[in-house]
Amino acid sequence: MSLRRWIEGTRLSYALRDPRSGFGRVPDAPTLMLRDLWPGDALAGERMVRNQTSHDGVTRQLQPGQWDAPEWPQAYRRWLQGFTWLRDLRELGAESARIRARTLVSHWMRIPPMERTLSDPAVTGTRLASWLGCYEFFAASADDKFRQNLIAALIMEARSIAALMPNALSGGGALSALKGLLAVGMALPDYPEFLERFMRLLDGVLAEQFHPDGSHVSRSPEEQFQSVRDLTEMLSIFQTARHPQPTTLMDAANRAAPVLRAMRHGDGRLALFNGSLERDAAFLELVLNRACRTRVVAASIYESGFTRMTSGRALLLADCAAPVAHSRTAHAGMLSFEFSSGKQRLIVNCGSSTLLGWTQALRYPAAHSVLEAPGLQPVTFETDNSLSHLPQVSRTHVTHEGAHWLDMSHDGYARQGGGVYSRKLYLGREGHTLRGEEHFGPCEKPTPSLIRFHLHPSVTLEETPEGWRLNTEEEVWLFQSDADITVEESVYLGRGTPEPSRQIVLTARTEATSSPGDKTPPAVENPASESENAADLPVQADTPDEQSAQEAGQPLNTDNVEPAVPETATLQSAPVSRPDALSTDIPEPPKLPYTAAAASAPTTQCTIHWGLTLIEA
């Protein structure tokens, strides 16, 4: 055992001594009654009354006193031990729900303090905040013995957080741990050491958790959401106690909330990067409204490693940085993007899940709308789920009169003999055209490559001589490419459970399969190159039906853009050959990672162009 672990163990043993031992006593009730801010689910509460839990689509039977099991996913253990489900019982409101809540809390308190699962201060902090937030519901009318046991448990477990922080925890959970420490400190002012410890740790934790622009260091929209919610709850505790709110805490919330708004699609739900779920739009809006009085959307999320491009009704979010090495939920989705129009998502990533067999598979490039090189991986997944051999990622974003040009690249495959992958995206000024150029190589050895575009389950595909029609409730988009197109089964887990969907897969054409009669529409060029003056170049319009060119005498808007301007790139689309007709049967979710039906022949380098155009609105 290391000296550090021995010291932490000793501090924890001292912290978990019963405050009622000797001549000690504890208050009969909290001095300050806190209020849980968030609504619960009455149906989930009804299941809890019947000794059942439902988490991530899996129903499990509760066993008295059982709070851990080897076969349980970590996410389920954290949820069960965090007691956030108390709000579901409160939402149900029946006396049976109150008794059930009290019984389950009693089962936890019967565990000897040194045998409780307290090694994760984030879970402990969540539990303490849940107990105090729902105290009036389940504990205020309980007998004296229950309430005294609860207060003693609050003190001991808050001491465990103080003993383990900050060394025992890194990542987004640090805010949850501080939240529990603050809740106990405010509710039990006779123990001022908890509030003092919170104030000493606060500034350091906030500096570690957030970039200056307010984005969370994990690069995960899910972690951004959870962090904003924790900040909101801490601000509410200060407000309830009529205690001055720390300036650093208010500043963090005011910076983080606009970034969270920027990471949502037009449907109000989260983009799916690095372990995120869509989340409920109404709940997201509730959290945001309580976190920040203004409805500002961050103009730039550059430090988060994402690029946000909007034109008309169209929104594109792209992952433009390497994943975080120490994150257990980070995905190898560099250069992937999601695209939506209005409230309709079209191109998505597959999402994330804690279900057995899905967690790891969804981290690979095949589960993202990006290039995959079968047999090669751009990062290395270690046995502890962290990442190593992270690639170098570059990006340049240029805007001009409402149009966007994004140039990205990474060298993740190069160390394995593959090439550098570069992706150029153009979003037209009216939001009616999205065009892309994909380049992979040069490779040291012939390497197959696939470009995947996962579609939202609500999008239906229709084959036409011109290309593939993407049909939504409000619009129809046409997808074209100069590559071979196949349509494969996919799966979508953005809402927590697997849903069958489709994906478009592009493979580079060989001379034998290319059509000699293909005609290429006019190229869409970047507004500047390294060798030319940007002010002298015309910018072409979205489609041939629109105005073909504009005077470019106005300067480019390059806010929050790296100094280098991308070289002129031709982004074009062409008619495609017709693959076999699609089956109308809904497919079963495929096993991951995906395998293309017809992978391209290995090449030393390839370039693919594609376009997505709005044809009916």
Side-chain angles (χ1 to χ4, degrees), residues 29-30 32-69 72-73 75-111 123-147 149-151 153-154 176 179-180 183 187 225-226 229-230 232-233 236-237 240 277-287 289-290 354 495-497:
L32 176 70
M33 291 294 177
L34 303 180
R35 180 175 61 91
D36 179 64
L37 298 178
W38 316 120
D41 183 345
L43 292 178
E46 186 176 351
R47 284 193 293 269
M48 292 288 291
V49 170
R50 299 199 305 266
N51 263 359
Q52 290 182 343
T53 63
S54 180
H55 186 262
D56 279 349
V58 178
T59 300
R60 296 178 176 88
Q61 195 73 20
L62 278 175
Q63 300 296 329
Q66 184 180 20
W67 300 97
D68 201 354
W72 289 351
Y76 176 71
R77 294 198 300 268
R78 294 172 65 88
W79 172 81
L80 185 63
Q81 296 170 16
F83 283 76
T84 54
W85 40 262
L86 283 172
R87 66 173 63 106
D88 298 331
L89 291 167
R90 181 197 61 197
E91 192 74 17
L92 181 60
E95 185 62 24
S96 58
R98 191 188 318 276
I99 294 172
R100 188 70 188 133
R102 198 175 295 164
T103 300
L104 290 172
V105 174
S106 294
H107 287 166
W108 177 269
M109 293 190 299
R110 286 176 192 154
I111 304 173
V123 178
T124 305
T126 301
R127 179 169 56 252
L128 300 184
S130 298
W131 283 352
L132 287 168
C134 296
Y135 183 90
E136 286 189 299
F137 162 67
F138 77 92
S141 59
D143 58 50
D144 292 343
K145 182 179 179 181
F146 177 88
R147 288 186 285 110
N149 287 340
L150 181 61
I151 298 299
L154 286 167
S176 298
K179 177 179 65 179
F225 161 65
Q226 299 292 354
R229 186 166 67 173
D230 284 336
T232 303
E233 292 182 40
S236 175
I237 292 172
T240 301
L277 296 172
E278 284 186 9
R279 293 292 175 180
D280 180 71
F283 185 54
L284 278 168
E285 192 64 30
L286 174 64
V287 172
N289 289 339
R290 287 182 169 169
T354 60
R495 293 182 279 234
T497 56

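- Scanning all heavy atoms of the two residues, the minimum distance from A97 to V49 falls at CA-CG2, 3.9 Å.
- To the nearest 0.5 Å, the span separating CD on E278 from CG on L284 amounts to 10.0 Å.
- Each of E95, E136, R102, R98 was scored for a side chain to side chain donor-acceptor pair (under 3.5 Å) with S141, with one residue passing: R102.
- Closest non-hydrogen pair, I151 versus A29, comes out as CD1-C, 4.2 Å.
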Under 3.5 Å, sequence neighbours excluded: what are the donor-acceptor pairs made by side chains of residues 54-64?
unit_1 : atom_1 : unit_2 : atom_2 : d
D56    : OD2    : T354   : OG1    : 2.1
Q61    : NE2    : N51    : O      : 3.4

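- Evaluated for a ring-ring contact (aromatic ring centres under 6.0 Å, His included) with F83, the options F138, W67, Y135 yield exactly one hit, W67.
- No donor-acceptor pair closer than 3.5 Å links the side chain of R90 to the backbone N or O of C134.
- Separating the CG atom in L104 from the CG atom in L89 is a distance of 7.5 Å, to the nearest 0.5 Å.
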Evaluation steps, side chain to side chain contact (heavy atoms under 4.5 Å, CB included), between W72 and W79
CA-CA 11 Å; W72 289 351; W79 172 81; over 6 Å; no

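- Using a distance-only test at 3.5 Å, with no hydrogens or angles considered, no donor-acceptor pair links the side chain of W85 to the main chain of M48.
- We find the CG-CG distance between N149 and L154 to be 11.0 Å, quoted to the nearest 0.5 Å.
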Going through the distances and angles, do D143 and R147 end up as a side chain to side chain contact (heavy atoms under 4.5 Å, CB included)?
CA-CA 6 Å; D143 58 50; R147 288 186 285 110; over 6 Å; no

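- For the atom pair CZ of R127 and CG of L86, the computed distance is 11.0 Å after rounding to the nearest 0.5 Å.
- Looking only at atom types and distance, the side chain of S130 has no donor-acceptor partner in the side chain of R87 under 3.5 Å away.
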Just distance, no hydrogens or angles: give the donor-acceptor pairs under 3.5 Å from side chains in residues 37-47, sequence neighbours left out.
unit_1 : atom_1 : unit_2 : atom_2 : d
W38    : NE1    : E233   : OE2    : 2.9
D41    : OD1    : L43    : N      : 3.0
D41    : OD1    : A44    : N      : 3.4
E46    : OE2    : R50    : NH1    : 3.4

Intermediate values then yes/no, side chain to side chain contact (heavy atoms under 4.5 Å, CB included), F137 and D36
CA-CA 10 Å; F137 162 67; D36 179 64; over 6 Å; no

Go through it in stages, so that I can follow the logic: the residues are R229 and K179, the test is side chain to side chain contact (heavy atoms under 4.5 Å, CB included), and I'd like the CA-CA distance, side-chain angles, deciding distance and then a yes or no.
CA-CA 10 Å; R229 186 166 67 173; K179 177 179 65 179; over 6 Å; no

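- Nearest heavy atom pair, residue L150 against residue A139, reads CD2-CB, 3.8 Å.
- Shortest non-hydrogen contact noted between G82 and V123 is N-CG1, 4.1 Å.
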